[in-house]
**Student:** 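The following block contains the structure, expressed as structure tokens.
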Amino acid sequence: MKKLDRMQHLVKQINEYNYHYYVLDDPLVSDKEYDQLYDELVRLEEENNSILPDSPTLRVGGEPLKSFTSHRHITPLWSLDKAKTEEELITWDGRVKKLLEEDVPLEYVLEYKFDGLTINVTYEEGQLIQAATRGNGVVGESILQQVKTIKSIPLSIDYLGKIEVQGEGLMRLSVLDKYNETVAEPLKNARNAAAGALRNLNPKTTATRKLDAFCYNVGYIDGLDFTTHMEMIDFLRENRFPVSHYIKLCSGMTEVIEEIRSLKDGIKDLDFLTDGLVIKVNDLNIREKLGYTQKFPRWAIAFKFEAQEVTTGLMDVIWQVGRTGKLTPSAVLEPVDIGGVTVSRATLNNWEDIQRKRVKIGCKVWLRRSNDVIPEIMGAIDEACEEAQEVEKPELCPACGSEVIEKGAHIFCPNSLSCKPQLVSAIVHYGSRDAMDIEGFSEKTAGQLYEALGIKDIADLYDIKYEDLISLERFGDKKARNLLDAIEKSKDCRLDAFIYALGIPNVGRKTATDLANYFKSLEGIKQASYEELVTLSDVGGIVASSIVDFFHDEKILGNIQRLLDKGLHPQHEGGDIAESLFTGKTVVVTGTLEAYNRKEIKELLEKLGANVSGSVSKKTDYLLAGEEAGSKLDKAKEIMASGVETNLTILTEEEFRKMI
Ligand SMILES: NC(=O)c1ccc[n+]([C@@H]2O[C@H](COP(=O)([O-])OP(=O)(O)OC[C@H]3O[C@@H](n4cnc5c(N)ncnc54)[C@H](O)[C@@H]3O)[C@@H](O)[C@H]2O)c1
Ligand SMILES: [Zn+2]
């Protein structure tokens, strides 16, 4: 009886979640939490050998909204069975073979499982005449005008017979980020952003979301028979449907599993949301033999990856002071597992961000982890929450107690003279590798110098004596001498490194180099006018203003003068960088080149204005591959085949020489 109670409870709860997810496009829980409850229900139904009549396990999706015209699909649309482990896949493969009464390896295709909204598009005589949501699988909502805003969906095709094609409408993550930067209320997740846009009664609203789509199935076709899935995909390509670059044909489950292993890491670099992969039997005759359950095809299964999006409780918000005095809010979270990592901190960009996302202490928030950056809070869950406590806007600096000031969306501590975290991070930045490269300059050491030696200003570094250092904890003779040597050595520095080391707001390493190359002397940069600065290719208005303001601050000018008086001698290193095809590009070199050794090619590329990097990613522009190129070349090919947005191009040495 207890089990039945639990089943009833789960059915009610999951149906409620389904309503919020499928009908309102505004889920109350993350997929991870949802899946846990759903799996529990499936287990109880199996154990009890009974299914309640309104169980969500009997149904595909949600009921269509009455406000849309309905569309009856020519052939029904389905949900997908799912596996989370390799063992579950092997069991599934066994089940399929058993059903077929055959024990030969089956051919499977592997595709991404796009996480957006299913769309079903109908063409007749080559024209797009209908588009619908999946709805309950049999009847969906007609969203033709909305789908027409998706530029990648063809309005007409070459094939003239009646045809229904299924795909997923989605919002690219880069598009979502850009969209969220500008709107009053940011969207919490790309899946619901796409679903909400497509099921919006006003197609103009849909258009603002700049959706995209991937098609993966022909549900119905008049006058043509495909024998395999791959053939069907080729047909979709020929008719210019948007099809993912990535699709892999595997022979047998062992190969599928190997492929899954090799894909796992790359999936979070994709520019669209995926919640796993879909594995499908390639042979369409075999599919027919296998058929369907109430809810899904027996010939396909989704392999779900660990969620990159979860919900968790926000316990507190603390404010941290950075080098420029900016106060950044950091969220203290109830520890939660996300993509295999336990997370207890996340960024909230600034005060305005907290307001826009409407997060409150004591309530639940959506958390997303993309790439390997610190997880970001996407928004609050729209659910009444009793312990809700507004995040308070700081009035005093949490580090030094000064009254804070507001500049735009940000809050600053103006006490740049004695606010410890500001000074410590300024010193750490000054000594960092890309700046003055003073070895042995950790945050801890900088803190020690501040606390024990009263170093309040970068110029004070050059007054440190051996006796001072040796008296500090963890400082022996060698460490003290090394640090002093490194400080002394830094007096003879490159102009670009020095400019970067000064920590001008909004001036990163690249801009510092551009400034040094253009003005060639510290004096030149100091005198630069706004008008002249904005003529530099990567310098916009904000950066130019930051530079001008910085060099008009009396206190800063005084500090720079003090540094020069201590014997600092920033020099521009001759050799103008030529404008070339490689200027500003990120280049990776691999394998053996005929005409250059490693050092020579690096120098040449830098002279051509390239940033030379050691590892290949989607951000790489060129991979220069010599003889016997190994894993980096493989990685590059993988990235190019994966469908991520990238400019990556592979060059042979000969091609490279032609380009320079
Ligand atoms: N958070 C919530 O409250 C909540 C509520 C309901 C459902 N969900 C999530 O949705 C899942 C079940 O939803 P479902 O039945 O809509 O979808 P599903 O996970 O069963 O997958 C079926 C869908 O996958 C899509 N798909 C993407 N790429 C595909 C490809 N290459 N080939 C075939 N299909 C592809 C299709 O649109 C298809 O309709 C749950 O496991 C859960 O994670 C969450
Ligand atoms: Zn302060």
Side-chain angles (χ1 to χ4, degrees), residues 13-39 42 56-57 59-62 76-82 84 109-120 133-137 140 166-170 188-189 191-192 194-195 213-217 219 229 233 243-244 246-247 272-280 295-297 299-305 307 309-311 319-322 324-327 366 381 394 396-405 411-423:
Q13 187 168 22
I14 294 171
N15 282 340
E16 174 75 8
Y17 288 159
N18 275 353
Y19 173 72
H20 281 265
Y21 182 87
Y22 291 116
V23 181
L24 304 182
D25 297 318
D26 195 6
L28 289 180
V29 289
S30 67
D31 289 356
K32 187 173 154 175
E33 291 161 87
Y34 176 91
D35 288 347
Q36 267 162 9
L37 296 175
Y38 190 96
D39 292 348
V42 171
T57 63
R59 267 189 288 174
V60 173
L77 273 66
W78 306 90
S79 200
L80 284 169
D81 197 2
K82 62 177 186 302
K84 271 186 284 190
V109 281
L110 218 65
E111 294 172 345
Y112 288 131
K113 184 169 189 296
F114 311 103
D115 201 4
L117 186 76
T118 320
I119 51 174
N120 190 29
T133 63
R134 185 180 65 177
N136 62 17
Q166 283 125 32
E168 197 86 355
L170 49 85
K188 282 168 267 195
N189 119 340
R191 188 263 164 203
N192 303 302
F214 286 113
C215 293
Y216 47 71
N217 193 46
H229 186 79
I233 294 292
V243 174
S244 166
Y246 179 79
I247 177 159
F272 45 83
L273 213 60
T274 48
D275 53 346
L277 297 162
V278 186
I279 299 139
K280 303 173 179 173
K295 191 162 173 170
F296 37 71
W299 43 262
I301 190 160
F303 183 81
K304 287 233 179 177
F305 285 140
E309 283 183 353
V310 297
T311 64
W319 296 83
Q320 286 168 325
V321 186
T324 57
K326 193 196 281 177
L327 268 58
W366 284 103
I381 291 185
L396 304 177
C397 169
C400 72
S402 304
E403 235 170 81
V404 298
I405 50 170
I411 300 173
F412 288 85
C413 164
N415 176 16
S416 55
L417 281 175
S418 63
C419 180
K420 181 178 169 187
Q422 291 190 48
L423 296 171

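Both ligands and their constituent atoms are indexed starting at 1 by order of listing. Numbering of residues begins at 1 and proceeds along the displayed sequence.
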**Student:** Measuring centre to centre across the rings, with the benzene-like ring taken for any Trp, is F214 within less than 6.0 Å of Y112?
**Tutor:**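 F214 vs Y112: aromatic centres not under 6.0 Å.
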**Student:** As an exercise, state the distance from CG of D115 to CG of N192, rounded to the nearest 0.5 Å.
**Tutor:**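 Reported value, rounded in 0.5 Å steps: 8.5 Å.
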**Student:** How long is the straight-line distance from CZ of F305 back to OG1 of T274, given to the nearest 0.5 Å?
**Tutor:**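 Reported value, rounded in 0.5 Å steps: 7.5 Å.
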**Student:** Which residue in the set H229, Q166, E168, K113 passes side-chain hydrogen bond (donor to acceptor under 3.5 Å, both in side chains) when paired with Y216?
**Tutor:**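 That would be E168.
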**Student:** Just to verify, which of Y17, Y34, Y19, W366 counts as forming a side-chain contact (heavy atoms from CB on, under 4.5 Å) with P27?
**Tutor:**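 Going through the options one by one, the only one that passes is W366.
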**Student:** Quick check for you: to the nearest 0.5 Å, what is the distance between K32 atom NZ and T311 atom OG1?
**Tutor:**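 It is 9.0 Å, given to the nearest 0.5 Å.
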**Student:** Nearest 0.5 Å, what's the CD-CG distance between E111 and L277?
**Tutor:**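 Answer rounded to 0.5 Å: 9.5 Å.
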**Student:** For the Zn ion (ligand 2), check which protein N, O or S atoms are under 2.8 Å away and list them.
**Tutor:**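 Metal shell, protein only: C397 SG, C400 SG, C413 SG, C419 SG.
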**Student:** Between K295 and D81, is the closest basic N to carboxylate O distance under 4.0 Å?
**Tutor:**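 Between K295 and D81 there is no salt bridge, as every charged N stays at least 4.0 Å from the carboxylate O atoms.
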**Student:** When you look for protein heavy atoms under 4.0 Å from ligand 1, which residues do they belong to?
**Tutor:**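 Ligand 1 is contacted, at a heavy-atom distance under 4.0 Å, by Y17, N18, Y21, Y22, P27, V29, S30, D31, Y34, D35, W78, S79, L80, E111, Y112, K113, F114, T118, R134, E168, Y216, V278, K280, K304.
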**Student:** To the nearest 0.5 Å, what is the distance between CD on E309 and CG on L273?
**Tutor:**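 Here the interatomic distance stands at 5.0 Å.
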